[in-house]
Amino acid sequence: MSRYVVTGGAGFIGSAIVRALLRAGASEVAVIDNLLTGHELNLDEVRGSIEFHRADIRNYDEIAGILRGADVVFHEAAIPSVPRSIDEPVPSHEININGTFNVLLAAKAGGVGRVVYAASSSAYGDTEVLPKVEAMITRPKSPYALQKLVGEYYCNIFSGVYGLETVALRYFNVYGPRQDPSSPYSGVLSIFMKSVLERCSPTIFGDGEQSRDFTYVEDVAELNLKAARAKNVSGNLYNAGNGGRITLNQAWALVQRLSGVEIPAKYGPPRAGDVHDSQADTTRAVRDLGHAPKFSFEDGMRRTLEWYRRAAAA
Ligand code: UD1
């Protein structure tokens, strides 16, 4: 029987991994979350099937015992925002770098089988060529991008130096049900969903022609499970994206069409630290991990909109 630990398991992506594990038959799933950006509500329907620990990855002693003996740790706990890392660099650094270091130390000390790490495509920065390939030189443009990159390097070092198995997945703009739209630091598509439900204009930073490889959360959760099982991948890093590229203007047009609500967006100045274009080359993840994203952007957005509508009506 395998034991799984999901740090940040009450978050948007972490809770999707928890549900995917349970669907795949896992019987022992523990969640670590300090509820800073996560919500217990995200675990409502699975609460009886998991262990929940309100604990903080900044505190080694709080987490070491929970990680001990786990077969796989999915490390999702983070402050996941580029602008927040610019406005509040200290907590962002402490959680994203020191917290990750603690998780790796505790995993090593506790004999954990593998750590699957939530890395970020923001590490690439603005590359001259698209799509972005893992072998490209990284050019982080924000504290957040650098912090996530440091975590990747630490995973690689713990694998090479201490023999701890690690796999890093560079997420490309994950979206879907349960993404919290309530903060100015929220993911743009969750903000678009909230805008149509409340019938108010979103603000697009810049001209809206920047693009992202938006990736549906269930595809990312499935890839995490695959990364947990794959053989001979320790120390590696993989793009976790779809391979497509959608501009914000296109995304806003789609949200309006799917919802039947027409409102012009407002436009504001471009955001500091913003990458202009993001698109994953998925060759390596397909080859080594069997990555097979199932959701087109339109399918994913339709499901996401349905979820926000139901949540608003509840
Ligand atoms: C996102 C993730 C980050 C992840 C990275 C790579 C979030 C909150 N951040 O960063 O964790 O590592 O992708 O996968 O999901 N924008 C607007 N209006 C808004 C909000 C945003 O125009 O109200 C724009 C931003 O300027 C940016 C784009 O939308 O150009 C995407 O922003 P955001 O959703 O915050 O994600 P990233 O910064 O790309």
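We count ligands from 1, going down the list as the structure has it; atoms in each ligand are counted the same way.
Of the heavy atoms in Tyr185, only backbone atoms (N, CA, C, O) come closer than 4.0 Å to ligand 1. Contact annotation for Gln179 and ligand 1: only side-chain heavy atoms (C-beta onward) come within less than 4.0 Å of the ligand. In Phe172, the part holding a heavy atom less than 4.0 Å from any atom of ligand 1 is the backbone. With a heavy-atom cut-off of 4.0 Å, Asp274 touches ligand 1 through its side chain alone. Of the heavy atoms in Arg170, none comes closer than 4.0 Å to ligand 1. Proximity of Val188 to ligand 1, defined as any heavy-atom pair under 4.0 Å, is shared by backbone and side chain alike. Neither the backbone nor the side chain of Ser81 comes within 4.0 Å of ligand 1, counting heavy atoms alone.
Close approach of ligand 1 to Tyr171 is summarised as follows: ligand atoms under 4.0 Å from at least one heavy atom of the residue are 6 (C), 14 (O). Contact atoms of ligand 1 toward Gly187: 8 (C), 15 (O), 34 (O) (distance under 4.0 Å to a heavy atom of the residue). Each of the atoms 3 (C), 4 (C), 11 (O), 12 (O) of ligand 1 lies under 4.0 Å from some heavy atom of Tyr144. Applying the 4.0 Å criterion to heavy atoms of Val82 picks out, from ligand 1, the atoms 38 (O).
Using a cut-off of 4.0 Å between Lys/Arg side-chain N and Asp/Glu carboxylate O, Arg302 and Glu298 are scored as salt-bridged.
Considering only non-hydrogen protein atoms, atom 12 (O) of ligand 1 sits nearest to Ser120 OG, 2.5 Å. Considering only non-hydrogen protein atoms, atom 2 (C) of ligand 1 sits nearest to Pro80 O, 3.9 Å. The protein heavy-atom contact nearest to atom 32 (O) of ligand 1 is Arg271 NH2, 3.5 Å. Of all protein heavy atoms, the one closest to atom 17 (C) of ligand 1 is Phe205 CD1, 3.3 Å. Scanning the protein for heavy atoms near atom 29 (O) of ligand 1, the closest one is Leu248 CD1, 3.3 Å. The protein heavy-atom contact nearest to atom 1 (C) of ligand 1 is Asn173 ND2, 3.5 Å.
Under a 3.5 Å cut-off, the side chain of Ser142 and the backbone N or O of Gly273 do not form any donor-acceptor pair. Checking side-chain atoms of Asp71 against main-chain N and O of Gly113 turns up no donor-acceptor pair under 3.5 Å. A donor-acceptor pair is defined here as one N or O able to donate and one able to accept, closer than 3.5 Å; such a pair exists between the side chain of Ser121 and the backbone of Tyr171. Remark: the backbone N or O of Asp56 is paired with a side-chain donor or acceptor of Glu62 at under 3.5 angstrom. A donor-acceptor pair is defined here as one N or O able to donate and one able to accept, closer than 3.5 Å; no such pair exists between the side chain of Thr247 and the backbone of Ser211. Of the possible donor and acceptor atoms, one in the side chain of Arg309 sits under 3.5 Å from a partner among the backbone N and O of Ser259.
Heavy-atom proximity to atom 18 (N) of ligand 1, evaluated over Asn249, Thr203, Ile204, is greatest for Thr203.
Any N or O atom pair closer than 3.5 Å counts here, and Val174 shares no such pair with ligand 1. By the 3.5 Å distance cut-off applied to N or O atoms, Val275 is not counted among the residues near ligand 1. Between Ser121 and ligand 1, at least one pair of N/O atoms sits closer than 3.5 Å.
Scanning for side chain to side chain contact (heavy atoms under 4.5 Å, CB included) contacts around Thr127 gives Tyr124, Leu130, Lys132, Met136, with sequence neighbours left out.
Contact annotation: the side chain of Trp252 approaches that of Ile263 to within less than 4.5 Å [non-hydrogen atoms, C-beta and beyond].
Residue pairs that meet the salt bridge (Lys or Arg N to Asp or Glu O under 4.0 Å) test with at least one member in residues 146-172, sequence neighbours left out, are Arg114-Glu165, Glu152-Arg170.
When ring centroids are compared, Phe192 and Tyr308 stay outside the 6.0 Å threshold. For Tyr216 and Tyr175, the ring centers are positioned less than 6.0 Å apart.
Note on Leu164 and Leu67: same hydrophobic cluster, where clusters join Ile, Leu, Val, Met, Phe, Trp and Tyr whose side-chain heavy atoms are under 4.5 Å apart, directly or indirectly.
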